[in-house]
Amino acid sequence: MRKYRGRGVYGAVVIGKISILKKQSPFVEYVHITDIKTEKERVKAARLKTIQQLEAIYERALKQVGEEEAQIFKIHIMMLEEEEYHHSIENMIEDQSINAEYAVKVTSDKLIKKFTQMEDIYIQARAEDIRDISNRLIANLTDTVIDRNSLDDKVILCTDDLVPSETVFMDKDKVLAFVTAYGSLNSHTAILARNRNIPAIVGVGENFLNEVKDGSEVIIDGFTGEIFVDPDEKIKEKLFAKQKKEEEKKDILQTLKGKENVTIDGKKIDIFANIGSVDDVDLVLLNDAGGIGLFRSEFLYLENKDYPTEEQQFHAYKKVLENMNGKQVIIRTLDIGADKQADYFHIKKEENPALGYRAIRICLTCPQIFKTQLRALFRASIYGSLGIMFPMITSVWEVEKILEICNEVKAELKNQKITYSEKIQIGIMIETPAAAIISDKLASMVDFFSVGTNDLIQYTLACDRQNADIEQFCDIHHEAVLKLIEMSAENAHKNGIWIGICGELAADTTLTETFLRMGIDELSVSPSFVLKLRDTIRKLDLSK
């Protein structure tokens, strides 16, 4: 038996077989060939195999994310079948007597360069599609595995790291849990794992992947971050007992469904849930949350290979609102950037991406992308109780510009005789010290605040949330952070608006009493934490 330790992301005990995912791009080298006919046949066979793979992926995506999102794989098939692309590869083989793999790579590089130089952002986005289909074609020419979507059994996925979009697309029916060599507890991937109830451990270290083998039995403890490879019976017995005890606790919490979030002395507070996809609504309802305090709309972008259309977004927002049956749904506009990258946005490499081009800064400099999302949101508003909130606010002028663009969108919809609700609540996130400090001015411009504690902690303490090496310096209970939250709460109430917390700190039950005493009106947490938080609140007595 070998033991490893990382950082537990979501508390659960899981046993299963290891499946190692080592990400790599196909290796290509130049080779002079003499049999041109055979080389061209190799390309045709590889193209046919690639098309068959994409058709299978399309069918799987159709079941997992729906028809609109799955269409990207149909587009890839059409691009692969384009004669111009195929002829370019064949001509290089004939004219230069080079191997098929290298011909595909050179053709791909030329097309990518051509598309990225175009002014139209939609044409620019095609560059990533060319890269994707070319990598897949090269992989089939070299018998290299580039994706592991076809897991045969339920496994514990072990890899170097996962980006948020990979976590979103993870097949929960086949992935029991995941373990990463790198990563931080505060990353969006970790947050998403908690939201989707995926047991996970991050930051195990690079040696882990080199020392374990595919198919080995492993048991992970998501509470402590411990990993036992080839565990003995004593360890299994101990952890299975722990798992049983946790299940009993969950059963007790189920008795709180339908009960109020009220302290012993009568103080009430709303408990909402955070979600990252339409499918997560089932978890919100299952755990009896009062509403959705944060719908991370950027995952509609991260799941796509291109900018989601107005119709795609409209149907997603409409479905969430309808399924929540009149309960409030707060949707955050896209928060792309920093650790949440979508290649088709073509964001330049930045020295400090968390301080760079992200979130509202993208929206205000790319108004067409912003307006597309706002149109979808306003159109969907008639199907439920909608709140829209905007991330990464630092200045009054930003909110003024946001409201101006919102009014432009509403005017367009009116002219087109498209209905929308007049009762939409407009809010902003308090996740920068600047926003908290000027919250007295910002509060007069909006209907609510929602504190994003993950970024607020990062920016207040100058601690990169992605850097696991400095977690000891990242004091999430730091007095400065709590003072900024309290200041924002006071200014919100002075101006007659409500304030919630949607960051990870909302689920920290050691701070629940502190937040209630500050006057926080709403706490929004991962669905699985709703009943636990309700239990904590019902045991508090603020009169003491």
Side-chain angles (χ1 to χ4, degrees), residues 186 191 261-272 274 290-291 293-294 328 330 332 387 389-396 398-399 425-463 465 473-526 529 532-534 536-544:
N186 300 314
I191 292 167
N261 313 307
V262 58
T263 62
I264 292 171
D265 58 311
K267 171 72 174 178
K268 294 182 180 180
I269 188 170
D270 288 324
I271 300 180
F272 285 7
N274 300 333
L294 170 61
Q328 188 167 34
I330 297 172
R332 178 175 70 188
M389 68 177 177
F390 304 93
M392 280 296 294
I393 300 299
T394 60
S395 306
V396 167
E398 292 169 335
V399 181
Q425 286 199 321
I426 299 294
I428 61 169
M429 294 192 70
I430 303 293
E431 51 188 343
T432 66
I437 291 168
I438 63 168
S439 56
D440 56 335
K441 295 179 180 178
L442 298 174
S444 64
M445 306 174 72
V446 295
D447 300 310
F448 68 91
F449 286 159
S450 188
V451 183
T453 55
N454 308 329
D455 273 326
L456 184 62
I457 292 168
Q458 170 174 247
Y459 296 133
T460 303
L461 303 183
C463 285
R465 63 193 283 187
F473 300 102
C474 191
D475 178 8
I476 62 175
H477 293 178
H478 198 289
E479 182 182 6
V481 175
L482 297 178
K483 280 190 174 182
L484 290 172
I485 297 173
E486 186 172 27
M487 180 192 304
S488 302
E490 289 174 358
N491 287 326
H493 293 149
K494 282 179 185 176
N495 285 273
I497 68 171
W498 63 270
I499 180 170
I501 298 176
C502 64
E504 292 294 290
L505 224 54
D508 187 337
T509 53
T510 65
L511 287 176
T512 304
E513 181 174 349
T514 300
F515 291 147
L516 265 66
R517 290 189 183 278
M518 284 181 186
I520 297 298
D521 302 295
E522 174 248 31
L523 295 169
S524 192
V525 297
S526 299
F529 282 92
K532 182 180 179 181
L533 186 56
R534 178 175 296 166
T536 299
I537 289 169
R538 290 175 64 86
K539 291 174 180 176
L540 292 176
D541 187 348
L542 302 181
S543 65
K544 293 181 179 179

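Below, each value reflects all heavy atoms present in this structure, side chains not excepted, and no hydrogens, waters or symmetry copies. Position 1 is the first residue of the sequence, and the numbers go up from there. Keep in mind that this is a model prediction, so the values were computed, not measured.
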- [ ] Let me see the working for Asn274 and Ser524 under side chain to side chain donor-acceptor pair (under 3.5 Å), right down to the final yes or no.
- [x] CA-CA 6 Å; Asn274 300 333; Ser524 192; 2.6 Å; yes

Open item on the list: Determine whether Ile269 and Asp521 satisfy the following criterion, side chain to side chain contact (heavy atoms under 4.5 Å, CB included), listing intermediate values before the conclusion.
Closed with: CA-CA 5 Å; Ile269 188 170; Asp521 302 295; 5.7 Å; no

TODO: Just do the side chain to side chain contact (heavy atoms under 4.5 Å, CB included) check on Cys463 and Gln458 with the steps written out, would you?
DONE: CA-CA 5 Å; Cys463 285; Gln458 170 174 247; 5.8 Å; no

Open item on the list: Would Cys502 and Met429 count as a side chain to side chain contact (heavy atoms under 4.5 Å, CB included) here? Give the steps.
Closed with: CA-CA 9 Å; Cys502 64; Met429 294 192 70; 3.5 Å; yes

TODO: Give the intermediate values and the outcome of side chain to side chain contact (heavy atoms under 4.5 Å, CB included) for residues Gln425 and Gln328.
DONE: CA-CA 10 Å; Gln425 286 199 321; Gln328 188 167 34; 2.9 Å; yes

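Looking at Phe529 and Ile271, their side chains never come closer than 4.5 Å, going by heavy atoms from C-beta outward. Pro391 is listed as a side-chain neighbour of Arg332, based on a closest heavy-atom distance under 4.5 Å. No side-chain heavy atom of Arg538 sits less than 4.5 Å from a side-chain heavy atom of Ile264. Using a 4.5 Å cut-off on side-chain heavy atoms (C-beta onward), Val399 and Phe390 make no contact. At a threshold of 4.5 Å between non-hydrogen side-chain atoms, the residues Leu461 and Phe473 do not count as touching. Here the side chains of Phe272 and Val525 are not in contact, with every heavy-atom distance at 4.5 Å or above. Put simply, the side chain of Phe449 reaches to within 4.5 Å of the side chain of Ile497, judged on heavy atoms.
Interatomic distance, Ile457 CD1 to Ile485 CD1, rounded to the nearest 0.5 Å: 7.0 Å. A distance of 4.0 Å separates CD1 of Ile330 from CZ of Phe448, quoted to the nearest 0.5 Å. From Thr263, atom OG1 reaches atom NZ of Lys268 across 10.5 Å, with rounding to the nearest 0.5 Å. A distance of 10.5 Å separates OG1 in Thr509 from CD1 in Ile537, rounded to the nearest 0.5 Å. For the atom pair CE (Met445) and CD (Glu398), the distance works out to 10.0 Å, reported to the nearest 0.5 Å. With values rounded to the nearest 0.5 angstrom, Thr453 atom OG1 is found 8.5 Å from Ile476 atom CD1.
Summarising the geometry of Ser395 relative to Ile438, their closest heavy-atom pair is CA-CD1, 4.1 Å, with the distance given to 0.1 Å. The nearest pair of heavy atoms linking Gly519 to Ile499 is O-CG2, 4.4 Å. Smallest separation of non-hydrogen atoms from Ala506 and Leu533: O-CD2, 3.9 Å. Closest approach of Val446 to Gly427, counting heavy atoms only: CB-CA, 4.2 Å.
Listed by first then second residue, pairs satisfying side-chain hydrogen bond (donor to acceptor under 3.5 Å, both in side chains) with a partner in residues 431-444 read Ser439-Asn491, not counting sequence neighbours. Applying the salt bridge (Lys or Arg N to Asp or Glu O under 4.0 Å) rule to pairs touching residues 476-495 yields Glu479-Lys483, sequence neighbours excluded.
Taking the side chain to side chain donor-acceptor pair (under 3.5 Å) definition, one finds that Asp508 meets it with His477, Thr510, sequence neighbours left out. With sequence neighbours left out, Ser488 forms a side chain to side chain donor-acceptor pair (under 3.5 Å) with no residue at all. The salt bridge (Lys or Arg N to Asp or Glu O under 4.0 Å) search around Glu513 returns Arg517, not counting sequence neighbours. Contacts of Lys267 classified as salt bridge (Lys or Arg N to Asp or Glu O under 4.0 Å), with partners at least two apart in sequence or in another chain: none.
When atom types are taken as modelled, the side chain of Asn454 and the backbone of Glu504 share a donor-acceptor pair closer than 3.5 angstrom. For Asp265 (side chain) and Leu542 (main-chain N/O), a donor-acceptor pair under 3.5 Å exists by modelled atom type.
With Ile501 as the fixed residue, the side-chain contact (heavy atoms from CB on, under 4.5 Å) test singles out one of Leu294, Ile520, Ile430: Ile520.
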